[in-house]
2 protein chains.
Amino acid sequence: MKTEIIEILKRSQLSATESRAAILALFQEAGTALTHADIEKKTGALFDRVTIYRTLQTFVEKGIIHTIPTADNAILYALCKDNCSEGNHHDNHIHFICDNCSTTYCLDHINIPEIKLPKGFFISGTDILVNGICKNCNDN
Amino acid sequence: MKTEIIEILKRSQLSATESRAAILALFQEAGTALTHADIEKKTGALFDRVTIYRTLQTFVEKGIIHTIPTADNAILYALCKDNCSEGNHHDNHIHFICDNCSTTYCLDHINIPEIKLPKGFFISGTDILVNGICKNCNDN
DNA sequence: AATAGTTTGCAACTAAGTTGCAAATAATTT
DNA sequence: AAATTATTTGCAACTTAGTTGCAAACTATT
Ligand SMILES: [Zn+2]
Ligand SMILES: [Zn+2]
Ligand SMILES: [Zn+2]
Ligand SMILES: [Zn+2]
């Protein structure tokens with residue numbers, strides 16, 4: 001278990017267990033968003049699927065990862081890069097999903113455009129999902 | 001069965017059946033987005049849930065309704081107002097979900113802002129989900 | 001009215017997600 | 001470092017969501 005990962009877990013008042021460390025490491029290595037199924041595949045029979053569900057839930061609560069809504073209705077999870085904390089997410093960024101390889105990126109450094117609503121509507125948050133071809137798929 | 005509804009079904013080369021007419025009428029009355037569960041509740045025991053699944057799927061294919069991705073992962077469906085056709089949707093509009101009443105609106109007349117992506121990424125479509133308080137909930 | 005084509009409901013199934021609880025593991029105290 | 005306490009895990013059982021095959025019912029066509 002890497003010290004860096006133990007640090008992150010401790011900072012969120014979570015005990016450093018094998019499963020949490022392994023799943024957190026997976027996110028760091030991937031650098032992109034993952035589904036529950038992705039994680040189940042990559043960890044093989046190491047952990048029970050219930051443990052994966054509970055770990056993801058805990059990570060979302062603690063502000064370690066955030067969820068991404070998708071058109072095909074599979075929940076995606078990605079590392080929070082801003083300093084999110086317990087019950088206080090501020091991952092206000094655009095998400096990009098590649099039509100070709102399905103990889104999902106958090107575009108942290110792109111500005112969210114301002115959106116004007118009709119009279120009577122008040123805005124509290126915005127989720128922007130962009131589809132297209134990613135950097136990687138374009139290179140080939 | 002209203003003639004207007006039969007018209008819409010015929011135009012999409014669908015036979016005018018009780019269930020299709022009733023479900024289409026529901027969408028017209030609601031004016032907002034509905035989930036599979038909403039429809040199941042509103043139609044009571046009139047139709048089998050399998051029929052509802054199949055009807056929604058058919059309507060999406062034929063360009064009568066479109067799906068809306070949501071943060072909490074429930075698939076929402078809403079009437080297409082643009083002239084969508086079989087396999088060719090162009091419902092390029094913002095979706096608004098009320099934090100208070102959960103009603104979901106298609107904001108057809110609001111412009112989609114242009115989004116600039118990092119080098120190497122190419123855009124093919126955009127889904128914008130806005131959360132906040134709706135017109136209706138503000139009036140009270 | 002008869003026929004051909006399509007849609008529906010049922011039953012059975014697969015997949016996704018949740019819950020309770022005892023055993024195992026991690027953190028804290030002595 | 002061992003014992004105690006608190007937290008987490010895995011299993012089994014369950015609920016909910018969605019799919020598939022097929023015979024019966026319905027719609028459209030002749
Ligand atoms: Zn790609
Ligand atoms: Zn993100
Ligand atoms: Zn409202
Ligand atoms: Zn819409």
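To find a chain, count down the sequence lines: A is the first, B the second, and so on, and within it residues start at 1. All of these numbers come straight from a predicted model, not from anything done at the bench.
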Worksheet, complete the sentence: Heavy-atom contacts, protein to nucleotides 14-25 of chain D, under 4.0 Å, summarised as B (base), S (sugar-phosphate only) or - (none) per nt, yield ---SBBBB----
Worksheet item: Does B:Ser15 have a side-chain nitrogen or oxygen under 4.0 Å from the phosphate oxygens OP1 or OP2 of C:dT7?
Response: yes
Worksheet entry | Side-chain touch B:Thr103/B:Asn136, heavy atoms, less than 4.5 angstrom | no
Practice prompt. With the side chain counted from C-beta on, respond yes when A:Ile52 and A:His36 share a heavy-atom pair under 4.5 Å apart, and no when they do not.
Written response: yes
Worksheet item: Closest to the B:Ala16 side chain: D:dT9, D:dA28, C:dT7?
Response: D:dA28
Worksheet item: Hey, are the side chains of B:Ile5 and B:Met1 touching, using non-hydrogen atoms and a 4.5 Å cut-off?
Response: no
Practice prompt. To the nearest 0.5 angstrom, please state how far the NZ atom of B:Lys81 sits from the NE2 atom of B:His93.
Written response: 7.0 Å
Worksheet item: If you look at every heavy atom in B:Ala33 and B:Ile68, which pair is closest and at what distance?
Response: CB-CD1, 3.8 Å
Worksheet item: Looking for any heavy atom pair under 4.0 Å, which part of the strands does A:Ile52 touch: base, sugar-phosphate only, or nothing?
Response: nothing
Worksheet item: In terms of side-chain heavy atoms of B:Phe47, which of D:dT9, C:dT6, C:dG9 is nearest?
Response: C:dG9
Item to complete: Please determine if a side-chain N or O atom of B:Thr17 lies less than 4.0 Å away from the OP1 or OP2 oxygen of C:dT7.
Response: no
Worksheet item: Does the side chain of B:Thr55 reach to within under 4.5 Å of the side chain of B:Phe47, using non-hydrogen atoms?
Response: no
Discussion item. Just the rounded figure in Å: distance from P of D:dT8 to CG of A:Leu56.
Written reply: 15 Å
